There are 2 protein chains.
Amino acid sequence: MGVSFLYLQKKSLNKDAKHYFTFALSIDCVVFGFDGKDLKILLIERNEIPYANHWALPGDLLDPKDDLNNSVNIILKNLTGLSNLFFEQVETFGEINRHPQGRVITTSYFTVVNQNKYKVNPASFAAKAKWWKIEKANELKLAFDHNIILNKCFKRLQDSIRTKPIGFELLNQTFSLTEIQTLYEAILKMKLDTRNFRKKILQMNFLKETDKFQSNVSHRPAKLYRFELEKYELLKKEGFSFEI
Amino acid sequence: MGVSFLYLQKKSLNKDAKHYFTFALSIDCVVFGFDGKDLKILLIERNEIPYANHWALPGDLLDPKDDLNNSVNIILKNLTGLSNLFFEQVETFGEINRHPQGRVITTSYFTVVNQNKYKVNPASFAAKAKWWKIEKANELKLAFDHNIILNKCFKRLQDSIRTKPIGFELLNQTFSLTEIQTLYEAILKMKLDTRNFRKKILQMNFLKETDKFQSNVSHRPAKLYRFELEKYELLKKEGFSFEI
DNA sequence: GCAAAAGTGTTTACAGTACACCCATGG
DNA sequence: CCATGGGTGTACTGTAAACACTTTTGC
């Protein structure tokens, strides 16, 4: 197994640095989007080996000069044009043979974006990108261990959506209560009771009714709401805890 | 920033491997113990630079031949003699200057052990090890970013103890209800109501009353219970979810 | 006037909380 | 017989869950 005490001992560390400083690190990111109906994730089609013609999570090697957490935004921007997103670190994968070309450890993140605000334009970036329904993505044989990473990140999203107000990132700035409910149903994969859902989310007091309504719908137009971040921060400071 | 598309392109990866395959990876572990009264963590005293004479979390460099998650047990055994423990991966830290001697990324884990079963014997292992009250450990200036890692892992323990039956690892095989309650109070850092706590944990139906009692105590001896793993697994399969 | 989704309140059941006294043992 | 922690039940309160009809718009 060859575990050493290098970590504790400078002299040995210098001597055997060649042996230990041989890992590459990558970042893989699950980007969740919502089109008003289904939860989607963003995949990129590889055109080089290994895994040529396979779909993969957007990701890249970490430059040894760059900070880990700060690089996610840069990598994602280079691959897809998406920028300035919030990320949650999920898990680090380090199986010996997960990358066929060397010892690459990957740290996974997820983020959520509004599909309408961020239209991915495959032509303008390095790789072909496409939004996939999460079930469809799971039927694909993704590159590397990306099916596993995808599922871990999806589980984490399901947890986080219930305890943090990240869902509003997936919607337009104003939205109807039905839209939030549909979003929660798509992520949690369960039907929710309309009256109870509205009661619960409204009494949290961080949604502000606007004077706008849906337009051009062939039914009663829904009132539109806005998420008040400042209000949420205040409530949190007072000890309130978000839970759906 | 120098982010590349190497990850996607074999030819470049081969060419620039020297640039990217230059990280070292380490594993750091927060070992929680319980002495019947206080929550403790296990620290090791370094006697080499960097951070000579500083206390540090047990950890070591990962050998490039070894799997990440599987190495935690081996590393901890080499440092402390503790073996065959369960670990939960918590977070990976990759700030540029977190290690003064090179680019070392660290993945953190926590585990919980029964302090009575596992007496750490400093003399017989590589480094001097000591159990510290968590508050005292936080007052120390630990090596590297270990204060931060410790606190992240402690928060994760506080979450996990409420949703997974890991607390019983910290106790003897048979234990009194008061002992579990004291443990939860030590970890969650709050007083709990005795009658309500007992009701809640007993009605989960995975604690089995034994015919044993405390002995040599100068008060009414407490009935001793046992955690039934099989029962817990069964209940979980039926959709029951642990929550304290 | 019909189709389609928006919007709205009440009742019921269960789980969380608060709370105080008697019991068994060792010394 | 006293000190110490073990052990127990009930009433109250608040939140989750179940449930059906009216409203507004476009066509």
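Labels below follow one simple rule: chain letters A, B, ... track the order of the sequence lines, proteins then strands, and each chain is numbered from 1. Note that this is a predicted model, so its numbers are computed, not measured.
Atom CD in B/Gln214 sits about 11 Å away from atom P in D/dG5, given to the nearest Å. One interatomic measurement links the two molecules: CD of A/Glu209 to C1' of C/dG7, which rounds to 12 Å at whole-angstrom precision. Rounded to whole angstrom, the span from the NZ atom of B/Lys212 across to the P atom of C/dT25 amounts to 17 Å. In this structure, A/Tyr225 places its OH atom 12 Å from P of C/dA6, rounding to the nearest Å. Between the C1' atom of C/dG7 and the CZ atom of A/Phe213 lies a distance of 11 Å, rounded to the nearest Å. Across the protein-nucleic acid pair, B/Leu224 atom CG and D/dG6 atom P stand 11 Å apart, rounded to whole Å. Rounded to whole Å, the distance from CD1 on B/Ile244 to C1' on C/dG16 is 14 Å. Between the NE2 atom of A/His219 and the C1' atom of C/dA6 there is a distance of 8 Å, rounded to whole Å.
Taking the six-membered ring wherever Trp is involved, the centroid distance between the rings of B/Tyr51 and B/Phe144 falls below 6.0 Å.
Residue A/Pro221 is the one, among A/Pro221 and B/Val217, whose nearest nucleotide of DNA chain C lies closer to the 5' end (criterion: closest heavy atom). Residue order along DNA chain C, read from the 5' end via each residue's closest nucleotide, puts B/Glu243 first among B/Glu243 and B/Arg220.
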Show me the side-chain donor-acceptor pairs of residues 233-244 of chain B shorter than 3.5 Å, one per line, residues at least two apart or across chains.
none

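Within a heavy-atom distance below 4.0 Å of DNA chain C, the residues of residues 172-208 of chain B found are B/Asp193, B/Arg195, B/Asn196, B/Lys199.
The pair B/Lys208-B/Glu228 fails the salt-bridge criterion, with no side-chain N (NZ, NE, NH1 or NH2) lying under 4.0 Å from an Asp/Glu carboxylate O.
A side-chain donor from one of B/Thr92 and B/Thr107 sits under 3.5 Å from a side-chain acceptor of the other.
Taking the side chain as every heavy atom from C-beta outward, B/Phe87 and B/Asn69 never approach each other to under 4.5 Å. A 4.5 Å side-chain heavy-atom check between B/Leu68 and B/Gln89 finds at least one atom pair inside the cut-off.
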